[in-house]
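All heavy atoms count here, side chains included; hydrogens, waters and symmetry mates do not.
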Amino acid sequence: MQGLDERMLDRLKTGAGAFACGEYLAELDTLHRSEILKDAAYDRLRRKIAAVEELFEEAERNWNQTFYLMFFRTLGDKRNQRAYLDLARRATYAMVLRERAVPRNVEALLLGASGLLGLYRHDTYTLDLGRDFVYLASKYGIEPMDASAWDFTRIHPANHPVLRVAQAAAFFAGHDFVMERMLDCRTPEDAARLFGVEASAYWCTHSLPAVRSQEMPKRIGTFKANLLAINLVSILQFAYGSHTGNDLLRDRAVTLLERTPAEENVYMRGWRSAGTMPRNAFESQALLQLATEYCPKRRCAECPIGARRIKSRTED
């Protein structure tokens, strides 16, 4: 029997990383498939909540500052995650609140602290932003980032850090009680309404500083709003619900994931090619957990799918 287990485990490890269990998962009945994905999804939630708890302690147990840090952490792509967090630590939520009565001050604060303005030639608008930042940097003791912290490799224009930071400035300058509004989100449409902000008017005709573009609003779109619903809203709802003992809020976080479309990324394409089709973000988060935490590390014996396959083979 031990030899059978070992042979099965070797087979699983050989296929790890190639979505080899996708066909098995697709052929399971609804109940057993749901059990596996539920275990993996909650495993991922617990891992993400641990990251929230670290930021909560860093923010001196202030949930508004925690939200602010998490927002920036989630705003761009993974390559620039550290850079966005560095920006949020230099230009804090408390500073933004003090300046939000003048939205352009918030934009100057964030873009100036990011170091991004120094990468491009200037026009009147960006020169004025730079001058405003000199005053704000002196006021708050801000040392701007080195622009080399940002990665622009193969970056889509809509996801460029300059535009994302301008959108963040508009979001925080335009919204009161963002933590409360975030906790109230129940559907992806709620998240889209909350996060669907446009950068200031200058960016309607500019793709980058002093680079004119076709006139159009530069808005956080549905695709990005869905990612914020998955990686920011649901995580903070679950974390805050766990912190306060609010089961209703934890259930709301799971319901939001179930109502939000599954992500589109290389991992989901791999699972789909193997026959497993995630129905929503709760299931795609589960599949992401399997693909990133178990398969590449060949942890097949601990994986919800691998453990079930070994058990069922042994029982046969």
For this session: Kindly assign one of parallel, tilted or perpendicular to the pair Tyr240 and Trp63, based on the angle between their ring planes and the thresholds 30° and 60°.
Result: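 Tyr240 and Trp63: perpendicular rings.
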
Exercise. What orientation do Phe172 and Phe71 show, parallel under 30°, tilted 30 to 60°, or perpendicular over 60°?
Worked result: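 Judged by the thresholds at 30° and 60°, the geometry between Phe172 and Phe71 is perpendicular.
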
Just checking [X]: does its [atom1] atom have more than 12 heavy atoms from other residues, nucleotides or ligands closer to it than 6.0 angstrom?
| X | atom1 | result |
| --- | --- | --- |
| Glu215 | CD | no |
| Met216 | CE | no |
| Gln214 | CD | no |
| Phe56 | CZ | yes |
| Glu23 | CD | no |

Let me check something: do [X] and [Y] share a hydrophobic cluster, defined by ILVMFWY side-chain heavy atoms less than 4.5 Å apart, either directly or through other members?
| X | Y | value |
| --- | --- | --- |
| Val211 | Leu111 | yes |
| Met268 | Phe223 | no |
| Val197 | Leu87 | yes |
| Tyr120 | Leu117 | yes |
| Leu37 | Tyr42 | no |

Check: [Y] and [X] side chains under 4.5 Å, non-hydrogen atoms:
| X | Y | result |
| --- | --- | --- |
| Pro209 | Val162 | yes |
| Pro278 | Arg272 | yes |
| Tyr125 | His206 | no |
| Asp151 | Asp77 | no |
| Met182 | Gln237 | yes |
| Arg98 | Lys139 | no |
| Ile220 | Arg164 | yes |
| Trp150 | Leu119 | no |

Any side-chain to backbone donor/acceptor pair from [X] onto [Y]? Under 3.5 Å, distance only.
| X | Y | result |
| --- | --- | --- |
| Glu263 | Leu227 | no |
| Gln65 | Tyr93 | yes |
| Arg299 | Tyr294 | no |
| Ser138 | Tyr135 | no |
| Arg79 | Thr153 | yes |
| Arg252 | Arg186 | no |

Problem set entry | Derivation of the side chain to side chain contact (heavy atoms under 4.5 Å, CB included) call for Lys218 and Ser213 | CA-CA 11 Å; Lys218 304 299 195 301; Ser213 65; 3.3 Å; yes

Rounded to the nearest 0.5 Å, what separates atom [atom1] in [X] from atom [atom2] in [Y]?
| X | Y | atom1 | atom2 | answer |
| --- | --- | --- | --- | --- |
| Thr92 | Tyr140 | OG1 | OH | 8.0 Å |
| His243 | Leu249 | NE2 | CG | 12.0 Å |
| Arg44 | Ile49 | CZ | CD1 | 12.5 Å |
| Asp39 | Glu35 | CG | CD | 7.5 Å |
| Cys303 | Leu290 | SG | CG | 5.0 Å |
| Tyr84 | Leu110 | OH | CG | 11.0 Å |

Give the minimum heavy-atom separation between [X] and [Y], together with the two atoms involved.
| X | Y | value |
| --- | --- | --- |
| Pro144 | Arg90 | O-NH1, 3.3 Å |
| Gly275 | Ala26 | O-CB, 3.1 Å |
| Lys48 | Asn231 | NZ-OD1, 2.6 Å |
| Asn80 | Ala149 | OD1-O, 4.1 Å |
| Pro304 | Ile36 | CB-CG2, 3.9 Å |
| Asp176 | Arg181 | O-CD, 3.7 Å |

For this session: Carefully, step by step, assess Leu75 and Phe171 under the rule side chain to side chain contact (heavy atoms under 4.5 Å, CB included).
Result: CA-CA 12 Å; Leu75 186 58; Phe171 175 74; over 6 Å; no

For this session: Evaluate the side chain to side chain contact (heavy atoms under 4.5 Å, CB included) criterion for residues Thr126 and Tyr202: first the C-alpha distance (whole Å), next the side-chain angles of each, then the deciding distance (0.1 Å), finally the verdict.
Result: CA-CA 10 Å; Thr126 57; Tyr202 173 83; 3.7 Å; yes

For this session: Run the numbers on Val266 and Arg269 for side chain to side chain contact (heavy atoms under 4.5 Å, CB included), then give the verdict.
Result: CA-CA 5 Å; Val266 64; Arg269 289 192 289 274; 3.7 Å; yes

Exercise. Can we say Glu283 and Arg33 salt-bridge, meaning some charged N sits less than 4.0 Å from an Asp/Glu carboxylate O?
Worked result: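 Between Arg33 and Glu283 there is a salt bridge, with a charged N closer than 4.0 Å to a carboxylate O.
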
Problem set entry | Presence of salt bridge, Arg89 and Asp86, under 4.0 angstrom |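 Looking at Asp86 and Arg89, the cut-off is not met.
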
Exercise. By salt bridge (charged side-chain N to carboxylate O under 4.0 Å, His left out), which residues pair with Asp190, not counting sequence neighbours?
Worked result: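 Arg193.
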
Problem set entry | Asn159-His156 side chain donor-acceptor pair, cut-off 3.5 Å |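 No pair is found: no donor N or O on one side chain lies under 3.5 Å from an acceptor on the other.
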
Problem set entry | Candidate list Val233, Ile235, Ile230, Asn280, test side chain to side chain contact (heavy atoms under 4.5 Å, CB included), partner Leu257, passing option |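 The single option meeting the side chain to side chain contact (heavy atoms under 4.5 Å, CB included) with Leu257 is Ile230.
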
